[in-house]
Amino acid sequence: MALFGRDREHEQRGQRPEAAPPPSPAPREVKMFEREKTQPQETPGTSAFLGKGSRVNGKLAFEGAVRIEGQVEGEIASEDTLTIGESAVLKAKINGTSVVVHGQVTGDIAARSLLELHATAKVAGNISTPRLIVHEGAIFEGQCAMGGAQAAAGKKKKPDFSALLGGQTEEVPPALQPEATR
């Protein structure tokens, strides 16, 4: 059935309607709540996702992979991969197995396996990880501690520089020596 009876007019005259060219595909309608195309979508296998407009204050703990695109202030603990997106602004102490930073982080980061700073990353704080990847363009201000199990356990042995000093050892002033050794 055609609009306004157009088909009836052709049939009454004894003519058949001409074959119309196939309709061109209509432009896709944009849904009201559709995400922006530039916003990274949730990666497969992600158990949690904090979007661009979210703000969280407090302690967050995740068991699976997580991606953060919003603002977080506090502490974050992740047992799997923690991805900090380009639009993320974090003021937090971060502890995770693998941490991938694309956004802005102010605070200390401890990664048990891997820490990766991408070109858009801005990190102001101390980092501790056995493996560190820093892409060209990443900004990092702070101190970095890298070591295997020793760094993770917090056991640091004081380096022995006596061979470099010709066998001389550092003398401790008597005032700083324990009373038993005086």
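Residue numbers run from 1 in the order of the sequence given. Model, not experiment: these values are computed from the prediction.
- The minimum heavy-atom distance between Gly103 and Val101, with the atom names listed, is O-CG1, 3.5 Å.
- At a threshold of 4.5 Å between side-chain heavy atoms, the hydrophobic network of Ile, Leu, Val, Met, Phe, Trp and Tyr places Leu82 and Val56 in one connected group.
- Closest approach of Phe140 to Gly125, counting heavy atoms only: CE1-O, 3.1 Å.
- Once rounded to the nearest 0.5 Å, the distance linking CD1 of Ile139 with NZ of Lys122 reads 5.5 Å.
- Counting only heavy atoms from C-beta outward, the side chains of Leu117 and Val123 approach each other to under 4.5 Å.
- With a 4.5 Å cut-off on side-chain heavy atoms, Phe62 and Ile76 count as touching.
- Considering every non-hydrogen atom in both Gln143 and Asn126, the closest pair reads N-OD1, 3.0 Å.
- Contact of the Ser78 side chain with the Asn95 side chain is not registered, since no non-hydrogen atoms from C-beta on lie closer than 4.5 Å.
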From CA spacing to verdict: side chain to side chain contact (heavy atoms under 4.5 Å, CB included), Ser54, Gln71 = CA-CA 6 Å; Ser54 60; Gln71 296 180 6; over 6 Å; no

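- By the 6.0 Å contact criterion, CD on Glu75 is enclosed, its count of non-hydrogen atoms from other residues, nucleotides or ligands being greater than 12.
- Atom-to-atom distance recorded for Asn57:CG and Glu73:CD is 5.0 Å, nearest 0.5 angstrom.
- In terms of heavy atoms, Pro130 sits closest to Arg112 at CG-O, 3.2 Å.
- Donor-acceptor pairing under 3.5 Å is recorded for the side chains of His135 and Glu116.
- The two residues Leu90 and Gly70 come nearest to each other via the heavy atoms CD1-O, 4.1 Å.
- Between Ser87 and the choices His102, Lys52, Glu69, Gln104, the side chain to side chain donor-acceptor pair (under 3.5 Å) rule is met once, by Glu69.
- Annotation for Thr97 and Glu79: closest pair OG1-O, 3.0 Å, computed over non-hydrogen atoms.
- At a threshold of 4.5 Å between non-hydrogen side-chain atoms, the residues Ile84 and Val100 do not count as touching.
- Taking the side chain as every heavy atom from C-beta outward, Asp80 and Val66 never approach each other to under 4.5 Å.
- The hydrophobic clustering, which links ILVMFWY residues whose side-chain heavy atoms are closer than 4.5 Å, places Leu50 and Ile94 together.
- With a 4.5 Å cut-off on side-chain heavy atoms, Ile127 and Leu132 count as touching.
- Side-chain atoms of Ile109 and Leu115, non-hydrogen and from C-beta on, do get closer than 4.5 Å to each other.
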